[in-house]
Each structure stands twice: as structure tokens, then as C-alpha cells.
Amino acid sequence: MPGALAPETTQHLSSSPTWYLLKWSATAEMAASARYFANPFLQAPSSSSSSSSSPSSAPAQALVAAWPELEASAMDATARAVRKETARMVWETYGDGDDENHHFGVYTGLAGAALAFLHMAAAGVSGASSRARKLAKAARRALKTQPGRKRERITFHEGEPGVWAVSAAVSAVAGDDRRAWEYTQELISFYTDAPTRIRDADSDEILYGRAGYLLALLFVESFGCSVDEQVKADVVTCILDSGRTCAARAGDSSPPLMYAWHKKRYFGAAHGLSGILYTLLRAWSVVPDAARADVRATIDWFAASRFESGNWPSSMGNSKDRLVQWCHGAPGAIHMLCEAAARFDAPQLLDAAVAGGDVIWERGVLTKAPGLCHGLAGNGFALLALHRATGVAIWLVRARAFLLLANSPSFVEGHETSDNPCSLYQGTPARRSCHVSGLRAA
């Protein structure tokens, strides 16, 4: 079991803008769980007492006071890291993409690395934009060398659609409208050339199922690329029909929509209900009026299904309150609930998201590598989502505390080693993306 981040490191927060370089203490109290480290900032206020925009605890006050200086120095350090550390790690791992063993996708491959650099470029990090273009090109090249099984995956994270979606976004940001249009057409034709690939898919979840293709369409739209509304509507209809069928099989205890993956009904963002509902909310313009009540009722059921702690089970029937990460647990649910709260003007859904945020603050300094899927960076992005949804300053303070922990030498040396350290969802690029998001958050 790993050691904890020493609580005494929070005692002198106001003495230096480099306080966030926390020390790892071999004699400190052991972590509360093998899954997460003890959060050294837990003396910061809880959300229930944080309606004021000025957090009251000494650690939080020190963080707020020191932030302007920290922001300037940390941004410079991040720019250097992008040019050196991250660029070196990614480039030495992926090269020019010719190696057929390099996966092309967003989750652990070249497209994901390109997306991380695109995100950092949007925050003004020097050199990131050119890296994004080169990595997107390498992803398209690698796509041609991959086995058919991998190429046939239908989702943003794991399949060919993710390569075209990221390439379109990179081109759009670079002002290359012609290529952005071409790559968007490749994404759309993935469906129109063979509709059965989506219609006959064996699941609906984001990582491998229909919602993952819908997510790719929504992603390119967010960068100003035009997508045929009928294509989105067709995919949404397939997802809704599948959800009703699964709910009917589950019986009276099920909400109007339910989904299964490998015969389990998951709650989480990667394989379950919260991720699927999030994509439906983002595609609301093509959700039929007759189905909207079913979506809302399913969201209400989801919010009511959480543990007393504020976290969610990984799947139906699982009574263990263990996982606090994007793929399973509160961090993934928060994005959906914030979207739903805004869509329906439903403060009770935002309350459920806030309760999940408190869970992240208590148990979210994960011992796993700091990726988006099951790491500290993914949990940090959930806290940033709460700040955007609530406007309450404590969530930005907490997100920044997480990003400083994620980039401290003690955490970098102490967390578990990733199988894919240069990937967006399991490695360093996610940590850097979270860093610049926290630095630039209003």
C-alpha cells in the first residue's frame, strides 16, 4: 500500500509560491485505500459551507493568494514541459506513426496525443499546435496499417471515427477549412457507407458502442464542422430503441432506458448509463419529443441511485462503494448531471453532481497513473466542470489543488506506472491538459 502525502506539507502554504512541490513522506500516515492517497488539502471547506466566493480555510486562502504568481511560473514550466518532457515522451514512443504497433486511436494512441496537444495549443502553450498537426497526420498514417478488427471499431475513443474527428478539429483550429471538411466527410461516411456498422453494433456505451460514434459527431460540431442532422438522428434512434429493449428485459425496477455491456448494466461514463445519457443530452436537437420524457426519467432514476456517500456503484447490483474515476463512479457522472441540470433547470440534479464532487475531493487523489479514464487528471476535469456549472469558487480551488498535486514530484514518483504513459486516457498528456485547463480557468 502506498504512503500518503504528508499532511504537514499544507502548513506553510503561504510562505512560498512553490509550496505545491509536496514532499513524499515515508513515515506519514498510510493511505486510506490502495486506490487513493490521503488528500493533504482535506482541511479545505466542504461544498456545503462554500456558497461564498471566498473560501475560508488557510490552505485554500493561501492557494488563492499565491495563484497569480503560481500561474505565471507554472505556465512557463508547462510550456517547457510540452516542448521537452511531453514532446519527447510522445515522439520517442510514437515516432512518425509508421510502426504498425502504434495504435491510431484517441484512448491510448496517436489521435489522443494529438488531441492533448490541441487542447494545450488552445491555452496558448508554445509549440503545441504544430505537434497536434504532426500527431494527427501520424494517426491517419497508422490507421492504414492496423488490423481490420481495430479499424472496424465504431467509436471516438477506440475506432477510426476518432482519427477523423480529431483530424477535422486540428484542421479547423489551424484554419484549414478544406481539410476540416474532408475529414468530417470521412467521419460521416463511416456511417453512410455502411449503416449496419452502427445499427447492428452489439452495445451502446461510449467506449465501444453507438454512443461513441455519436460522440465523434458531436465533437467535430463543437469545432464548427457541419454534420448532417439526419445522421445524428439515425444514431440517436438506434440508441433509444436499444435502451427501451434492455429496460423491458430488466423488468419493472428499470428506468425507461437501460443499457448493458457484457451482460452487466453499468452506471459509469465509459461503459454505462451516464456516458450514454450525456451524448443524448448533447444531441438534444435530434432526440424525438416523445423520447425526451424517457431520457429525463432515466436521469432522475440515475441521480437517485447513488450511495449515501454521493458516489455511484460501478454496475447494477454492486454494493461496493470503491471506484472514484471517470470510467466508473462520480467523476464521469458529474459531466452528465451538470449537462442535465442546465438542460432541465433542475437544481436537484446539480445537487447530486456537487455531492459527487465532495466524493472526488475526499477520495480522488488516485494511486493510478494520472490519465483521464482512471486517474487524477480525469477527476480534476470533473471538478472544473462543477466550477463551470455552479460558479462557486471552491471547485476551481479544488481543481487547481489537484493539478498541482498531479504535477508535484512526490505524486509523479509515487503513483502507479501506466501501461501507456504517453496516452491521453492513461498517461502524461492528460496531466498536462488538466494543468493548462486549471491555469486558464476563469
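- To the nearest 0.5 Å, the span separating NE2 on H387 from CD1 on I394 amounts to 10.5 Å.
- The two residues S129 and R133 have their closest heavy-atom pair at OG-NH1, 2.9 Å.
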Quiz: residues 323-343 side-chain donor-acceptor pairs under 3.5 angstrom, not counting sequence neighbours:
none

Step by step, work out the side-chain contact (heavy atoms from CB on, under 4.5 Å) result for V166 and L118.
CA-CA 9 Å; V166 170; L118 180 63; 5.6 Å; no
side-chain contact (heavy atoms from CB on, under 4.5 Å), that's the test. Do Y259 and I239 meet it? Break it down for me.
CA-CA 9 Å; Y259 300 90; I239 293 171; 3.5 Å; yes
For R140 and S167, what are the C-alpha separation, side-chain angles and deciding distance, and is it a side chain to side chain donor-acceptor pair (under 3.5 Å)?
CA-CA 8 Å; R140 295 191 298 274; S167 294; 3.0 Å; yes
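- In this structure, R197 contributes its side chain and F190 its backbone to a donor-acceptor pair below 3.5 Å.
- Under the rule for a side chain to side chain contact (heavy atoms under 4.5 Å, CB included), the partners of T390 that lie at least two apart in sequence or sit in another chain are L350, V354, V392, W395.
- Considering all non-hydrogen atoms of both residues, L115 and F156 come closest at CD2-CZ, 4.1 Å.
- Within 6.0 Å of CZ in R282 there are 12 or fewer heavy atoms belonging to other residues, nucleotides or ligands.
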Go through V286 and T237 one step at a time and tell me if the side-chain contact (heavy atoms from CB on, under 4.5 Å) criterion holds.
CA-CA 9 Å; V286 295; T237 297; over 6 Å; no
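- With sequence neighbours left out, the side chain to side chain contact (heavy atoms under 4.5 Å, CB included) criterion links K320 to N318, R322.
- Atom CZ of F104 and atom NZ of K144 lie 13.5 Å apart (nearest 0.5 Å).
- Although no hydrogens or angles enter the test, the distance criterion places a donor-acceptor pair under 3.5 Å between the side chain of T279 and the main chain of I276.
- Considering only residues two or more places apart in sequence or on other chains, R388 meets the side chain to side chain contact (heavy atoms under 4.5 Å, CB included) condition with L384, A385.
- You'll find the side chain of I188 reaches within 4.5 Å of the side chain of Q185, heavy atoms only.
- Relative orientation of the H119 and F381 rings is tilted, given thresholds of 30° and 60° on the angle between their planes.
- C225 is not listed as a side-chain neighbour of W181, based on a closest heavy-atom distance of 4.5 Å or more.
- For W301, the ring-ring contact (aromatic ring centres under 6.0 Å, His included) partners two or more places apart in sequence, or in a different chain, are F267.
- Under 4.0 Å is where a charged nitrogen must lie from a carboxylate oxygen, and between D358 and R363 no such pair does.
- Side-chain atoms of R306 come within 3.5 Å of backbone atoms of A303 as a donor-acceptor pair (strictly under, hydrogens ignored).
- Checked against salt bridge (charged side-chain N to carboxylate O under 4.0 Å, His left out), D234 has no partners two or more places apart in sequence or in another chain.
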Name each donor-acceptor pair under 3.5 Å that joins a side chain in residues 217-224 to protein atoms two or more places apart or in another chain, with its distance.
{"unit_1": "E221", "atom_1": "OE1", "unit_2": "K232", "atom_2": "NZ", "d": "3.0"}
{"unit_1": "E221", "atom_1": "OE2", "unit_2": "K232", "atom_2": "NZ", "d": "3.1"}
{"unit_1": "S222", "atom_1": "OG", "unit_2": "F219", "atom_2": "O", "d": "2.5"}

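- One finds the NE2 atom of H271 at 9.5 Å from the OG atom of S203 (value rounded to the nearest 0.5 Å).
- Ring-plane geometry between Y213 and Y191 is classed as tilted, the angle between the planes lying from 30 to 60 degrees on a 0 to 90 degree scale.
- More than 12 heavy-atom neighbours from other residues, nucleotides or ligands sit within 6.0 angstrom of CG on D193.
- Across all non-hydrogen atoms, the minimal contact from A399 to G380 is CB-O, 4.0 Å.
- Residue pairs meeting the salt bridge (charged side-chain N to carboxylate O under 4.0 Å, His left out) criterion with at least one member in residues 180-189, sequence neighbours excluded, are R178-E182.
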Throw together a table of side-chain donor-acceptor distances under 3.5 angstrom for residues 291-299, partners on residues two or more places apart or in other chains.
{"unit_1": "R292", "atom_1": "NE", "unit_2": "V287", "atom_2": "O", "d": "3.1"}
{"unit_1": "R292", "atom_1": "NH2", "unit_2": "W284", "atom_2": "O", "d": "2.8"}
{"unit_1": "D294", "atom_1": "OD2", "unit_2": "R244", "atom_2": "NE", "d": "3.4"}
{"unit_1": "R296", "atom_1": "NE", "unit_2": "D300", "atom_2": "OD1", "d": "3.1"}
{"unit_1": "R296", "atom_1": "NE", "unit_2": "D300", "atom_2": "OD2", "d": "3.2"}
{"unit_1": "T298", "atom_1": "OG1", "unit_2": "L257", "atom_2": "N", "d": "3.2"}
{"unit_1": "T298", "atom_1": "OG1", "unit_2": "D294", "atom_2": "O", "d": "2.7"}

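- Residue pairs meeting the salt bridge (charged side-chain N to carboxylate O under 4.0 Å, His left out) criterion with at least one member in residues 200-212, sequence neighbours excluded, are D204-R210.
- Minimum interatomic distance between F302 and S274 (heavy atoms only, all atoms of both residues): CZ-CB, 3.7 Å.
- Looking only at distances, a side-chain donor or acceptor of N379 sits under 3.5 Å from a matching main-chain atom of G364.
- The main-chain N or O of L207 is found under 3.5 Å from a side-chain atom of T155 such that the two form a donor-acceptor pair.
- When every heavy atom of A382 is checked against every heavy atom of I360, the shortest pair comes out as CB-CD1, 3.7 Å.
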What do the steps show when you test E158 against H103 for side-chain contact (heavy atoms from CB on, under 4.5 Å), and what is the final call?
CA-CA 9 Å; E158 286 285 353; H103 193 266; 4.1 Å; yes
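- Atoms CH2 and CG, on W164 and L187 in that order, are 10.0 Å from each other to the nearest 0.5 Å.
- In terms of heavy-atom proximity, G357 sits nearest to L383 at O-CD2, 4.0 Å.
- Under the side chain to side chain contact (heavy atoms under 4.5 Å, CB included) criterion, A250 pairs with S254, R265, sequence neighbours left out.
- How far CG of L280 is from CG of L240: 5.5 Å, rounded to the nearest 0.5 Å.
- Side-chain atoms of F117 and V170, non-hydrogen and from C-beta on, never get closer than 4.5 Å to each other.
- Pairs of residues two or more places apart, or lying in two chains, never qualify as salt bridge (charged side-chain N to carboxylate O under 4.0 Å, His left out) while including a residue from residues 108-123.
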